[in-house]
Amino acid sequence: MSTAHPVRRRDGAATREAILAAAVVEFTEHGYARAGVRQIAERAGVTAMMINRYFGSKDRLFAEAVERAFAPPTVVGDQLPGLADSVARTLAERTAPGAEPLDPFLLLLRSAADPEAVDIVRQGIETHVGARLAGLLDGSDAEVRAQLGLAVIAGTWLLRTVVGTTALASADNDQLADLLADMLRPVTRTSGLHRSPAAGPDGAAG
């Protein structure tokens, strides 16, 4: 027996929104390659032809789904003071057992290995969370530091929630947040804290 949702009459804006919302769910759950246009259409309650009409192609729909998923802040805030601590605290809480899944990371994990999707995913990261974090930092290496910070964030999420490595999965949130903050502080430093030529290994003058 078919479980397809009935095709509903909508205005153009509502139809487009329904398709995009369905696409975010399908791409997050299945990744770019395995999310089919027909499945997205069924979830949205429209025909596959309507997806082509509103978005033109699967890759254009995926690009808009990435934009929708990556644009809202999830872990990185918008203020530099206390940034390392706030990111660390949020990440510890959002990756704790039973926490609501971080959908942008799931979408990234399930689609980034696909050659047709990786450029779109990279652009989504750099345009949103990467630019948001880099914009809070100063110095000529702000983008590199921002992306190193994202690597710490993504790696923690992956090992704690997807792989479930024992120590991270069972770690106390407060302890984990303290450790993460210590790792992120060099990334979020201000230019005034850059090492001088005479600085020692900890950044203090020798």
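The chain is numbered in sequence order, starting from 1.
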Verdict with supporting geometry, R68 and D103, salt bridge (Lys or Arg N to Asp or Glu O under 4.0 Å):
CA-CA 11 Å; R68 170 67 63 87; D103 288 346; over 6 Å; no

Take L61 and K58 through the side chain to side chain contact (heavy atoms under 4.5 Å, CB included) test and state the conclusion after the steps.
CA-CA 5 Å; L61 176 57; K58 181 179 176 180; 5.6 Å; no

For E143 and E126, what are the C-alpha separation, side-chain angles and deciding distance, and is it a side chain to side chain contact (heavy atoms under 4.5 Å, CB included)?
CA-CA 9 Å; E143 289 191 4; E126 293 180 351; over 6 Å; no

Quick one, H30 with Q39, criterion side chain to side chain donor-acceptor pair (under 3.5 Å). Give me CA distance, side-chain angles, the key distance, then yes/no.
CA-CA 11 Å; H30 304 294; Q39 286 71 32; over 6 Å; no

For V46 and Y54, run side chain to side chain contact (heavy atoms under 4.5 Å, CB included): C-alpha distance rounded to whole Å, both residues' side-chain angles, the deciding distance at 0.1 Å, then the answer.
CA-CA 11 Å; V46 301; Y54 283 95; over 6 Å; no

Side chain to side chain contact (heavy atoms under 4.5 Å, CB included) for T188 and L136? Distances and angles first, verdict last.
CA-CA 8 Å; T188 61; L136 295 171; over 6 Å; no

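The CG atom of L184 lies 9.0 Å from the CG atom of D85; values are rounded to the nearest 0.5 Å. Interatomic distance, T165 OG1 to R160 CZ, rounded to the nearest 0.5 Å: 9.0 Å. For the atom pair CZ (R16) and CZ (R53), the distance works out to 12.0 Å, reported to the nearest 0.5 Å. In this structure, CZ in F70 is found 10.5 Å from OG1 in T127, a value given to the nearest 0.5 Å. Taken to the nearest 0.5 Å, the CG atom of L150 stands 13.5 Å off from the CH2 atom of W157. Here OG1 of T15 is found 12.5 Å from CG of L20. Values are rounded to the nearest 0.5 Å.
For the side-chain contact (heavy atoms from CB on, under 4.5 Å) with Y32, the qualifying choice from I120, D114, V118 is D114, the only one to do so.
Residues V25 and F27 fall into different hydrophobic clusters, defined by Ile, Leu, Val, Met, Phe, Trp and Tyr side chains chained together at heavy-atom separations under 4.5 Å. In terms of hydrophobic clustering, with Ile, Leu, Val, Met, Phe, Trp and Tyr side chains grouped at heavy-atom distances under 4.5 Å, V76 and F105 are assigned to a common cluster. Linking ILVMFWY residues whenever their side-chain heavy atoms come closer than 4.5 Å, directly or via other members, leaves V163 and L179 in distinct clusters.
A salt bridge links R43 with E26: the closest approach of a Lys/Arg side-chain nitrogen to an acidic carboxylate oxygen falls below 4.0 angstrom. Between D141 and R189 there is a salt bridge, with a side-chain nitrogen of the basic residue lying less than 4.0 Å from a carboxylate oxygen of the acidic one.
The side-chain heavy atoms of D119 and Q123, taken from C-beta on, include no pair separated by under 4.5 Å. Between T74 and P104, the closest side-chain pair of non-hydrogen atoms falls below 4.5 Å. For the pair R185/D182, a side-chain contact is recorded, criterion being any heavy-atom separation below 4.5 Å from C-beta on. For the pair V87 and L180, the minimum side-chain heavy-atom distance is 4.5 Å or more. T95 is not listed as a side-chain neighbour of L168, based on a closest heavy-atom distance of 4.5 Å or more. Side-chain contact between R132 and V129 is present, with heavy atoms from C-beta onward closer than 4.5 Å. The shortest distance between side-chain heavy atoms of T161 and P101 does not fall below 4.5 Å.
Using modelled atom types, one side-chain atom of R145 and one backbone atom of D138 make a donor-acceptor pair closer than 3.5 Å.
Closest non-hydrogen pair, A69 versus L107, comes out as CB-CD1, 4.0 Å. Looking at every heavy atom in both residues, A142 comes nearest to A134 through CB-O, 4.0 Å. The shortest non-hydrogen separation linking G31 to S111 is CA-OG, 3.3 Å. The nearest pair of heavy atoms linking D174 to D172 is N-OD2, 3.0 Å. The nearest pair of heavy atoms linking G124 to V66 is CA-CG1, 3.9 Å. Considering every non-hydrogen atom in both I19 and M50, the closest pair reads CD1-O, 4.0 Å.
Residues meeting the side-chain hydrogen bond (donor to acceptor under 3.5 Å, both in side chains) test with S170, sequence neighbours left out: none.
Heavy-atom neighbours of R60 CZ from other residues, nucleotides or ligands within 6.0 Å: at or below the threshold of 12.
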